[in-house]
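Since the structure comes first, as structure tokens, the remarks are kept for the end.
For the single chain, residues carry numbers from 1 onward in sequence order. Order of listing sets the numbers, starting from 1, for every ligand and every atom in it.
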Amino acid sequence: MAYYFSEPSHTFSEYLLVPGYSSHECVPQNVSLKTPLAKFSRGEEPALTLNIPLVSAIMQSVSDDKMGVALATEGGLSFIYSSQSIESQAAMVSRVKSYKAGFVESDSNIRPDQTLQDVLDLKERTGHSTIAVTDDGTAHGTLLGIVTSRDYRVSRMTTDQPVSEFMTPFASLIYAQEGTTLKEANDIIWENKLNTLPVIDRDQHLLYLVFRKDYASHKENPEEMLDEKKRYMVGAGINTRDYATRVPALVEAGADVLCIDSSEGFTEWQKITIDFIREKYGDTVKVGAGNVVDKEGFLYLAKAGADFVKVGIGGGSICITREQKGIGRGQATALIEVAKARDEYFEATGIYVPICSDGGIVYDYHITLALAMGADFIMLGRYFARFDESPTNKLNINGNYVKEYWGEGSNRARNWQRYDLGGAAKLSFEEGVDSYVPYAGSLRDNVRVTLGKVKSTMCNCGAITIPQLQKNAKITLVSATSIVEGGAHDVIVKENSGMK
Ligand code: IMP
């Protein structure tokens, strides 16, 4: 007879934290959000530690090299998506590893024969007002000039005017040569009161732009995730089909940690993939596995040697797996069961295998709840897709700015099969949708607000570390009526007032 779970499975929104005693030392400034990323033995330090418990989802619309840099700067980590060719994924990993803080590859470029209208369209699309003019309109073409909003006035010009007529031409630009250090670049910026300094090579090809604001911001990132060579750390997704070629390419490119990306991870394919990595690299290459939603799935992957285990099926915002296939489990219930299994496994073996709650975070407090329920870190897709740094364009739809966000199991992404069918089998149905999410601004601003809330709630629960929160938290299920009570009710809420 089939096995029946006696209790319904629950989601984060059905729970709240009940405050506990907090001492005078329990203030947000004293909270540490450090958390293990890879497994470790009792009494030892984790091989890899995150400075904040957030990682970005292994998705085309979320995690490229730009997201990787932005999130590592704040203390988290991106897993660069694997639904692309091995070469382009490895190139993204290398770009994060070779990223020099403050030196930005220009992403708004134009040719001199293009028009003011093209400038306006580009600015709308990228949100950047500094545009490099290059002979071929690429980021590394011959630099011919720069356009900023100071170079044109829409009311006094026609939109078909060519860029060459109003750009600040190369002859009038102050620039720096290849090899200039960030300190030198900033001295030039300050001495000449510049906003942007282009850096070029000997042949006048554009290499980078240095912006005035970046130097200041670089000094304000105490949580940066850096490796022993002071390079940003980055993860990468892999799959259970082409691992024999993809893994070596990603390791060569400098990936700090890998993760098998699969919607259903309780399979022998995952063990075969981990075995390959252990045989070739021993424990030097860290690899997470998943996704699972129960104790059995966790134990299988932990015993197979996974460095962390990812939890969650069907809870993602763009996910229609539950509707299409009828598999999944409420994210909170799955997490609570897997966290218990992780603790029991630690008790029995002395090996702590961190778990990652993947998908379904809607409100910032869901992050705190997931940590309290035992997650060591959280993977988010929708949350990061809304920011400037996600790989998709910002669009204006009826006066509202949005960014595109699509599932890895959607038609848009699935020419790269992520589902483990063990071969060339093609999926005939979608497991994800293509969507828009409201544009929310910069990653830095949003992550800082989110983590401010997490720290504040941790203090309410009497915890200044994540392990303390996991030990001390008091969590209650709430009734449908009390969920209504939790929002603004019985008042007429003014426009623009309330939760952001
Ligand atoms: P979100 O943070 O709620 O948007 O969920 C992101 C997570 O959804 C990812 O990390 C994946 O685990 C999962 N996911 C991504 N694409 C798909 C899909 O097309 N179908 C089902 N789940 C997906």
Does [X] approach ligand 1 within less than 4.0 angstrom via side chain, backbone, both or neither, non-hydrogen atoms only?
X: S410; result: backbone
X: Y383; result: neither
X: I58; result: neither
X: E430; result: neither

Measuring from non-hydrogen atoms of G360 to any atom of ligand 1, is the shortest distance under 4.0 Å?
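Right, G360 reaches ligand 1.
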
Check for me whether W406 has a heavy atom closer than 4.0 Å to any atom of ligand 1.
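Per 4.0 Å heavy-atom rule, W406 does not contact ligand 1.
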
Numbering as shown, the atoms of ligand 1 that approach [X] to under 4.0 Å (heavy-atom distance):
X: L380; value: 2 (O)
X: S317; value: 1 (P), 3 (O), 4 (O), 5 (O)
X: R382; value: 1 (P), 2 (O), 4 (O)
X: T321; value: 21 (C)

Check step by step if ring-ring contact (aromatic ring centres under 6.0 Å, His included) holds for Y99 and F103.
CA-CA 8 Å; Y99 179 81; F103 290 85; 8.8 Å; no

Would R386 count as a cation-pi partner of Y405, with NZ or CZ less than 6.0 Å from the six-membered ring centre and within 45° of the ring normal?
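The answer is no, since R386 fails at least one limit relative to Y405.
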
Using a plain distance cutoff, I'd like to know if [X] has any nitrogen or oxygen under 3.5 Å from a nitrogen or oxygen of ligand 1.
X: K310; result: no
X: M379; result: no
X: G381; result: yes

Residues in side-chain contact (heavy atoms from CB on, under 4.5 Å) with A57, at least two apart?
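M59, M379.
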
Kindly indicate whether the side chain of P53, heavy atoms from C-beta on, has any atom under 4.5 Å from the side chain of L33.
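The answer is yes; the side chains approach within 4.5 Å.
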
